[in-house]
Amino acid sequence: MKKAFPILGVLTAILLSYALYQALVVAPTEQTMGNVQRIFYYHVPSAWTAFILFFVNFGASIVYLMTRKTAADIVALVTAEVGVVFCTVVLVTGPIWARPVWGIWWTWDMRLTSTLVLWLIYVSYLFLRRFSSGGQTPSLAAALAVLGALCVPFVYFSIWFFRTQHPQPVMGGGGSIDPRMLHALLINWLAFSCFAFLVCWSRYRLERLQRDVDQAHALQSLLDPRGSPR
Amino acid sequence: MTGNPYLLAAYVVTWVIHIGYISTILTRYAKLKREILALKKK
């Protein structure tokens, strides 16, 4: 498995470069927005990737609540952390696109506000994991993750249920898209998904290692209480 | 070429966020390695 990581890393870097080329060169320029529309090739795949990571977090949290397996707890933590990173990209690139197109950086419309709330839920999840030190922390975090996951479909479907300034969805929104644009979008999604997988993988290894080291410290302080390292 | 500074800003900010996060992972790895070495010495 260790040998597969650098190979996958190189393949993902190639895929990300190809995706960037598709987004900046191959995809046609949108007629009304011009080049600023190309932000869409980073904004939308980042949102989809964040949603997938939050759903994996939801699944892992359910598994943890049922089985109390450490691996499920680590997967939940890792996917929430990487999901927050991708959600941050969504919340930053969205206003950068909105400024030249809408004339404003931000508006409190349903899609934007619900995305911000989703981000805040998972940030609070990470704060809970970071600053709460008790045996119940993983269970409390898992319960919070289940609540957070309920917010994901609300964010996605908010533009269907509410009148909003946000553009209609690319998939299933009733509109049409140039096949080259769709190709660039899907390639970028694939590239960012592979990238997210690799980041999650390395973060998972780090968390496992961290827990092993913490256990070793605890064991050492039990054996030699005077020379506790922390 | 309207919107180019915004396009550049969005792409750059995206990678700054990702690289920033990866660098925190690498920093934590380095710190753990030092802790493991210290544990092995004891």
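Protein chains get the first letters and strands the later ones, always in sequence-line order, with residue 1 at the start of each. Basis for what follows: all heavy atoms, side chains included, without hydrogens, waters or symmetry-related copies.
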Quick check: do B/Ile25 and A/Val199 have side-chain heavy atoms less than 4.5 Å from each other?
yes
Looking at B/Val16, B/Ile17, B/Ile22, B/Val13, which makes the most heavy-atom pairs under 4.5 Å with chain A?
B/Ile17
The interface call for A/Val89 against chain B, heavy-atom contacts under 4.5 Å, is both
Rounded to the nearest 0.5 Å, what separation is found between the OH atom of A/Tyr41 and the OG1 atom of B/Thr14?
15.0 Å
Side-chain heavy-atom pair B/Tyr11, A/Leu24 within 4.5 angstrom cut-off
yes
Quick one: CG on A/Asp214 to CG on B/Leu32, what's the gap to the nearest 0.5 Å?
8.0 Å
Side-chain heavy-atom pair B/Arg28, A/Arg203 within 4.5 angstrom cut-off:
yes
Is there a side-chain contact between B/Ile36 and A/Leu209, using heavy atoms and a 4.5 Å cut-off?
yes
Closest non-hydrogen contact found for A/Thr93 with B/Ala10 is CG2-O, 3.8 Å
Measure A/Leu16 against the heavy atoms of chain B and call it side chain, backbone, both or neither at under 4.5 Å.
side chain
Can you confirm whether or not the ring centre of B/Trp15 sits under 6.0 Å from the ring centre of A/Phe195?
yes
Close side-chain approach of B/Tyr21 to A/Val82, heavy-atom, < 4.5 Å:
yes
Kindly indicate whether the side chain of B/His18, heavy atoms from C-beta on, has any atom under 4.5 Å from the side chain of A/Phe192.
yes
Tell me whether the count of non-hydrogen atoms from other residues, nucleotides or ligands lying under 6.0 Å of CZ in A/Arg130 goes above 12.
no
Spatial distance of atom OH (B/Tyr6) from atom CD1 (A/Ile96) [nearest 0.5 Å]:
10.0 Å
